[in-house]
Every structure is written in structure tokens, then in C-alpha cells.
Amino acid sequence: MNIAALASGGVDSSVVVHLLKEQGYDPTLFYIRIGMEDEEGYIDCPAEEDIEITTYIAKKYGLRFEEVNLHKEYWENVVSYTIESVRRGLTPNPDMMCNKLIKFGAFEQRWGKDFDRIATGHYATTDMVDGVQFLATAKDPVKDQTDFLAQLNFSQVSKLMFPIGHMMKSEVRDIAREAKLPSAERKDSQGICFLGKINYNDFLRRYLGEKEGKIVELETGKILGTHKGFWFHTIGQRKGLYLSGGPWFVVKKDINENVLYVSQGYDPDTQYGTVVNLTGYQYLSKDIWNIGYGDTIDCKFKIRHTPEFCQGHLSRHKDEHTGADIYTILSDQRIQGIAAGQYATIYDNDAHLVVASGMIC
């Protein structure tokens, strides 16, 4: 079997290579350069150290290593999507779009198509159901990354393999130490990769500027202060409001009037909801439910990256204005910070198979 292994220089992808070699495979390693362009060139992730480690891993195991550049595709797809989403008052998910459009999109179209499988260091697994490969959850609930992969389609999922998905993170570290891999003690990367060392608000300021607006208490209509643009704030945000008498949470945004609405207290009711409406709903591998109009399916779901699943009931109906299909999750428990633009990942009722995803509207 001809395998392409996506390498990042981190401990997870290094152990993937080690395990594949142990299983008798000789994967070709690929390092994908992505980044944001500025006046002096590209602001990248810590690429040089990543490439140095990946080069060492390739030599250690006698494998071919290729560095590929997807800066242009990343800018045109992921960075522009992020800017436009924020401009529209939505909460973007660039990591999800990177997986869909770059790692398993543009890479597949140019290089991955020549391979039988693509192996990555994601914490996820796959499972076969009636001859169809499904994305499934990882053994380590804290590290599980299926919610970042939930916008993939059938052809993408069918080629993937996750050699460390059945392991706890601690087990992966132990293997790296035993194999004396240079990434064994390397910290996990944090944040949005394309920003490099740039602060997220600096990034938004650069492309969206600043515009002063009011901060208003939702319950009373009282003006509490000002902000520099609704795009610097997300639903459920607490930090960065600089208001006295808090804590204050952002609970609503008026993007036309550039107004932030906030509520006071550590647990205000206005932070919560139980209804999640989805647009652009899609099944990853196969529609295993065949939900009719008015039908309800029990499911597990997530609307953000957490180890915990929510219990919900999924239904389908027609939008009375557009006629489009709208899928709705009714949650058993109140959920904090339901933000338009984020994605809900829907799992079977055993929280094992990733069935579908959709954007919160």
C-alpha cells in the first residue's frame, strides 16, 4: 500500500511514521507549508524547526520527504474565509476549513491523489459500517479531534488512516521517548497556525480596521462603555471588555449598528440556549438515518472543541422563507455560547461514529 504521511515536526506525526514503519510500510513524508503573507514575505508557523525535525525523521527511517507549498491556496480559501466570516458577524472555524480545503483538499488534488492512503497524527479513528469507512472518535477523549475533521466528505474520509487514534497522548509520548525521537518532549502547537506569532486581534485589525461602537446591557438597554469593533468579540466572550462591576459576557451582536450586548454575572441565562439550527448540513460518509420531515433522531453532538458530548434530538424541516432544508438539534441540557458561524458535529448515540456536521445559523 502506497501511503502519504502528513508530517508537522510534532510528536504525534513523528510517532505515526514510527508506527507505519513498524507495520512494514514505507510512507512518503509531506510537510505542508501554509502561512500568511505580509510586506516582508510569509509569516509562517515555526516551519524551519518543523522541517529540521521532519528531515531527521525521514533520514532515520530511510523515507522520501517532500516539502510542499500551499500558501496561495491557504490564503484564497482559509484566511479569506476567516476574514469574511468575522466581517459578517460570524464565528469562524479556520482549523476545520484547513482540514477540508487544504490538508485533504488542495493537497489531495495535487499530491495525495497518487497515494492509496493519507496518514496523519490526528486523534481520531475510522470504522467500517456496511463496507463504508466512517470517521470515528479517538481513544483519548481530551485529545479527540473529530470535530475539526467533521466537514470532510466521503472521498476524503475513505482514504484516511490515523495510526495513533487508538492511543492516549501519554502512550504516544512514551513511544516517542523509547524511539528517541527529537519531538518526544516538544510541546503541542496552540492557536491558529496561519497567524504564526501574530496576535489574533492584530490580524483582525489589519484587515478590518477599528470602528467604535457601544456596549449595551441586554436586560436594561443601559450603555456601559465602548468597543473598537464587533469583529474583535465573540458570543460568550468575557475577557477584553474592560467593564467594571463584572463579570460581563457578550451575549448578542448587532453587526449593522456595531453594538455589543452583554449580560452580567458568572452564569447569566442569556448565555445559554437549547436550540441549535444548522445550515449546510452534510453527511460525512453515508446517510445512516434517512431523517424524514418531522422525524427525530437521538444523537450526541458538540458545538465546540471539548472532551464532553451533549445529548440531543435531531430533526429536519423546511425553511418557510427559502424552502431550504434546516436541521435542528434540541439539546437535553442548556448550552453556553451558541455562536452563528461555528459548526456542530453530530455523532451517533454511542458517541462513536461521526455522522454529519452543519454550520450554526
Pairs of donor and acceptor atoms involving the side chains of residues 272-280, under 3.5 Å and at least two apart or interchain, shall be tabulated with distances.
{"from": "Y272", "atom 1": "OH", "to": "D267", "atom 2": "OD1", "distance (Å)": "2.3"}
{"from": "N277", "atom 1": "OD1", "to": "T328", "atom 2": "OG1", "distance (Å)": "2.6"}

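- Without hydrogens or angle criteria, D144 side chain to A138 main chain gives a donor-acceptor distance under 3.5 Å.
- A salt bridge is absent between D348 and K300: the closest approach of a Lys/Arg side-chain nitrogen to an acidic carboxylate oxygen does not fall below 4.0 angstrom.
- Between the side chain of E217 and the backbone N or O of E219 there is no donor-acceptor pair closer than 3.5 Å.
- Residues satisfying the salt bridge (Lys or Arg N to Asp or Glu O under 4.0 Å) criterion with E22, sequence neighbours excluded, are absent altogether.
- A 4.5 Å side-chain heavy-atom check between Y61 and L29 finds every atom pair outside the cut-off.
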(request) Please report the C-alpha distance between T234 and T91 in whole Å, then the side-chain angles of each, then the deciding distance to 0.1 Å, and finally whether the side-chain hydrogen bond (donor to acceptor under 3.5 Å, both in side chains) criterion is met. (result) CA-CA 7 Å; T234 58; T91 302; 5.6 Å; no
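- Not a single salt bridge (Lys or Arg N to Asp or Glu O under 4.0 Å) links R88 to another residue, sequence neighbours left out.
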What side-chain donor-acceptor pairs closer than 3.5 Å can you find for residues 96-107, not counting sequence neighbours?
{"from": "N99", "atom 1": "ND2", "to": "D95", "atom 2": "O", "distance (Å)": "3.4"}
{"from": "N99", "atom 1": "ND2", "to": "F148", "atom 2": "O", "distance (Å)": "2.9"}
{"from": "K100", "atom 1": "NZ", "to": "Q151", "atom 2": "OE1", "distance (Å)": "3.1"}

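- Taking hydrophobic clusters as Ile, Leu, Val, Met, Phe, Trp and Tyr residues chained together by side-chain heavy-atom distances below 4.5 Å, V355 does not share a cluster with L149.
- Classification of E48 and R33 as a salt-bridged pair holds, one side-chain N sitting under 4.0 Å from a carboxylate O.
- A side-chain donor-acceptor contact under 3.5 Å links S357 to the backbone of A150.
- Proximity of a side-chain donor or acceptor of T126 to a complementary backbone N or O of Q133 within less than 3.5 Å is not detected.
- For the ring-ring contact (aromatic ring centres under 6.0 Å, His included) test, residues two or more places apart in sequence or in another chain that qualify with Y281 are Y283, Y327.
- Put simply, the side chain of N93 never gets that close to the backbone of Y343: no donor and acceptor are under 3.5 Å apart.
- Looking at E212 and N258, their side chains never bring a donor and an acceptor atom within 3.5 Å of each other.
- Taking hydrophobic clusters as Ile, Leu, Val, Met, Phe, Trp and Tyr residues chained together by side-chain heavy-atom distances below 4.5 Å, I288 shares a cluster with F154.
- A side chain to side chain donor-acceptor pair (under 3.5 Å) check over residues 245-256, counting only residues at least two apart or in different chains, returns nothing.
- Listed for the T137 side chain is a donor-acceptor partner under 3.5 Å among the backbone atoms of A351.
- In terms of modelled atom types and a separation under 3.5 Å, the side chain of K159 and the main chain of G112 share a donor-acceptor contact.
- Without hydrogens or angle criteria, E76 side chain to E73 main chain gives no donor-acceptor distance under 3.5 Å.
- Distance alone, capped at 3.5 Å, places no donor-acceptor pair between the R334 side chain and the D269 backbone.
- Classification of K169 and D12 as a salt-bridged pair holds, one side-chain N sitting under 4.0 Å from a carboxylate O.
- Checked by atom type and distance alone, the side chain of R316 pairs as donor or acceptor with a backbone atom of I291 at under 3.5 Å.
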